[in-house]
Protein chains: 2
Amino acid sequence: MNTAYLSARDPQGYLACPITPITPSASSSALCKMAASGACSVADLCSNVRSNAQASFRIGSINRRTVRRGQALYRAGDTCVNFYQLYAGSLKLRMTNWAGEEQIASFPMPGALLGLDGIETGKYLCDAIALEDARVCVLSLSDLLACSRSGTEAMLQFNRVIARETSHYRRLLMVLANMSSEERIASFLLDLSERMASNGYSSREFILKMTREDIAHYLGMKIETVSRAFTRLQLANILDVRRRHLSIRDLDALKKLGMSH
Amino acid sequence: MNTAYLSARDPQGYLACPITPITPSASSSALCKMAASGACSVADLCSNVRSNAQASFRIGSINRRTVRRGQALYRAGDTCVNFYQLYAGSLKLRMTNWAGEEQIASFPMPGALLGLDGIETGKYLCDAIALEDARVCVLSLSDLLACSRSGTEAMLQFNRVIARETSHYRRLLMVLANMSSEERIASFLLDLSERMASNGYSSREFILKMTREDIAHYLGMKIETVSRAFTRLQLANILDVRRRHLSIRDLDALKKLGMSH
DNA sequence: CGGGACATTGATTAAGATCAATTTAAGTGG
DNA sequence: CCACTTAAATTGATCTTAATCAATGTCCCG
């Protein structure tokens, strides 16, 4: 088992996680495994859309797509015609300003709804790049609109999903505005840890799918600073970090640092 | 006229602006002056909601509200039952984390739709504090939902309005993550300037309604740093800043600094 | 005229950026 | 399977920027 940690060649990238994923409940009639497992943040919306689309005979089955590691699910400037429910793998959402500096906006993990950055203008504003091979369900914009039209609840759900993304950015803003480099890393790891847990993986020990550079671009720091922050947290016996493999030794201490002072 | 700049006691706070606001067009039948002037960012949505609500006899006239300087339009934790279209004055949207640190999320100006931070959970997440006496139109959540239900276009408009807020935060994120203090101030002033212009005021010369502390909390810096950045921009002949009164001397230089390198 | 909030300025310290050099590990091809 | 290449990460030394601490200045308002 330990070798699995170190090699970690599995496409899903979660072999290294010591506990098994939550298995879907018995309701195999569910359209989506994730919804059944409770891990999906947009399960209600998603199943609403699907049943609506099926009812109107416009889709017969779930439309899936695989994105290989390093490939883009979509790119900034592409016309937004689809949203994507992520159900395996992870990505980075990357914005690039005209000076070529990049900023990572988020690291979507299974359960996330991708493509919301295309709503405002009808074109995506970010690149969605797979950090490892990933699988998504495709939700066409038209299906989603049809569904929203037919039910107030679905419409509200969709608004809330967009609003939740807004909250993510507001929170990140607070992190960048008020926290030291060590605190930012702590906050970042706590968030990752929680999301690993909500996907049924260990919250204490996992593989970082992103490079130090990605982390730096997410948290508004330089990669040397990221590296040094990891080192200091390790010296303080809060973490064990070795390249991409991370385990949390002292969760309370990490929380004290990361929960914004 | 010059005395008006310096005293600036006007409740609306725009006396100091040398050019007059855009006057509403002749269509006095319009429900809202701002929509007629083209200054309102949510005009389509707003008029949609109003005409819908009137058609169903649920509102007879526009429901307005005044917020005095320093007062809250709403507070974090309040139940979200209304949205507010700002048509005069300006506010700050303030989040406070449990450690008591505050972060300014935005400085809404006329045309903005307020209250979107209440969508996700049904409770507002920010305090909306008037920086000067302000006037809003009240849009009840139920009116808005009723309208969205009855028309796909209104629904889409609403989604886009929420998504636009998300974009604001993404952009601010990039500012905090990548720019020096001077660049942040430049970027902030450019944004203010543009919004002043789109409200029909001078883009070159205006009064800052917010304190240095508010600016600091918006841009993730300390007030001394804000002050020094202003001073340096002044010394570089890019700005003229005297307390709250600001005029832009060299717009190109300001853009070079503020447009993210 | 004087109190108090707001803003500026100066001196010093601390944090992170930058520059530069290794180290480590993973993938490649002979 | 091993040497070689390369991307990623770490570490050290130094420099720059912004935070901090402290004092002073300015203006609004009663």
Side-chain angles (χ1 to χ4, degrees), chain A residues 3-11 13 16 68-70 92 101 104 131-132 175-186 207-235 239-246 257 261, chain B residues 3-11 13 15-16 69-70 92 101 129 131-132 175-186 207-235 239-246 257 261:
Chain A
T3 56
Y5 284 118
L6 297 175
S7 68
R9 300 281 187 85
D10 58 315
R68 298 256 158 241
R69 178 190 148 129
K92 60 178 174 186
E101 298 165 316
I104 304 299
L131 294 174
E132 57 190 315
V175 168
L176 294 210
N178 297 307
M179 291 171 110
S180 72
S181 61
E182 228 169 284
E183 291 166 338
R184 290 180 205 200
I185 292 289
I207 303 287
L208 300 168
K209 305 302 180 197
M210 65 293 287
T211 66
R212 298 291 190 266
E213 190 175 29
D214 289 332
I215 300 176
H217 285 152
Y218 179 65
L219 294 174
M221 24 202 290
K222 299 293 160 188
I223 82 168
E224 295 95 326
T225 310
V226 171
S227 189
R228 282 187 245 266
F230 274 128
T231 304
R232 268 176 288 150
L233 290 173
Q234 170 135 321
L235 288 175
L239 300 180
D240 231 335
V241 60
R242 206 185 133 78
R243 263 359 148 97
R244 304 287 183 93
H245 183 278
L246 187 133
L257 270 176
H261 303 191
Chain B
T3 55
Y5 285 116
L6 298 176
S7 67
R9 301 282 185 87
D10 59 316
L15 277 186
R69 180 191 148 127
K92 59 179 174 185
E101 298 166 316
I129 312 286
L131 295 175
E132 57 188 315
V175 169
L176 294 209
N178 297 309
M179 291 172 112
S180 72
S181 61
E182 226 168 285
E183 290 167 338
R184 291 180 205 199
I185 292 289
I207 301 288
L208 301 168
K209 305 302 179 197
M210 64 293 288
T211 66
R212 298 291 189 266
E213 190 174 30
D214 289 333
I215 299 175
H217 285 154
Y218 179 65
L219 294 174
M221 18 200 296
K222 300 294 160 186
I223 81 166
E224 296 96 326
T225 311
V226 172
S227 188
R228 282 187 243 268
F230 274 127
T231 304
R232 267 177 289 151
L233 290 173
Q234 170 134 320
L235 288 175
L239 300 180
D240 231 334
V241 61
R242 206 186 134 80
R243 238 59 174 166
R244 303 288 183 91
H245 183 278
L246 187 133
L257 271 176
H261 302 192

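Every chain is numbered from 1 and lettered A, B, ... according to where its sequence line falls, protein lines coming before strand lines.
In this entry the distance linking CG of A/Leu176 with C1' of D/dA18 reads 16 Å, nearest Å. Summarising the geometry, the separation between NE2 on A/His245 and C1' on D/dT10 is reported as 19 Å, rounded to the nearest angstrom. The separation between B/Phe230 atom CZ and C/dT9 atom P is 12 Å, rounded to whole Å. Remark: P of D/dA7 and CZ of A/Arg69 are 13 Å apart, rounded to the nearest angstrom. What separates CD1 of B/Ile223 from P of C/dT9 is a distance of 13 Å, to the nearest Å. Between the C1' atom of D/dA7 and the CG atom of A/Leu208 lies a distance of 17 Å, rounded to the nearest Å. Taking atom CZ of residue B/Arg212 and atom C1' of nucleotide D/dC27, one finds them 13 Å apart after rounding to whole Å. Atom CG in B/Leu235 sits roughly 12 Å away from atom P in C/dT8 (whole-Å rounding).
The CD atom of A/Glu132 sits 9.0 Å away from the CE atom of A/Met210 when rounded to the nearest 0.5 Å.
By the 4.5 Å heavy-atom criterion applied to side chains, A/Leu257 and A/Ile185 are not counted as neighbours.
For C/dA5, neither phosphate oxygen OP1 nor OP2 lies less than 4.0 angstrom from any side-chain nitrogen or oxygen of B/Thr211. Contact between the side-chain N/O atoms of B/Arg244 and the OP1/OP2 oxygens of C/dA7 is found at a separation under 4.0 Å.
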* How does protein reach along nucleotides 13-24 of chain C, written 5' to 3' as B (base within reach of a heavy atom under 4.0 Å), S (only sugar-phosphate), or - (no contact)? -> ---SSBB----B
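Shown here are the side-chain contact (heavy atoms from CB on, under 4.5 Å) partners of A/Lys92, two or more places apart in sequence or in another chain: A/Arg94, A/Ile104, A/Phe107, A/Ile129, A/Leu131, A/Asp214. Take A/Arg244 and apply the side chain to side chain donor-acceptor pair (under 3.5 Å) test, not counting sequence neighbours, and it matches no residue.
A rotation axis mapping the C1' atoms of four pairs onto the next four is fitted at both ends of the helix from C/dC1-D/dG30 to C/dG30-D/dC1 over five pairs, and the angle between these axes is 40° to 10 degrees.
The shortest heavy-atom contact between B/Gly220 and B/Leu176 is N-CD2, 4.3 Å. Closest non-hydrogen pair, A/Leu219 versus A/Arg184, comes out as O-NH1, 2.8 Å.
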Listing, residues 221-235 of chain B side-chain donor-acceptor contacts under 3.5 Å, not counting sequence neighbours, or none:
| unit_1 | atom_1 | unit_2 | atom_2 | d |
| --- | --- | --- | --- | --- |
| B/Thr231 | OG1 | B/Ser227 | O | 3.0 |
| B/Arg232 | NH1 | B/Glu182 | OE1 | 2.6 |
| B/Gln234 | OE1 | B/Val241 | N | 2.6 |

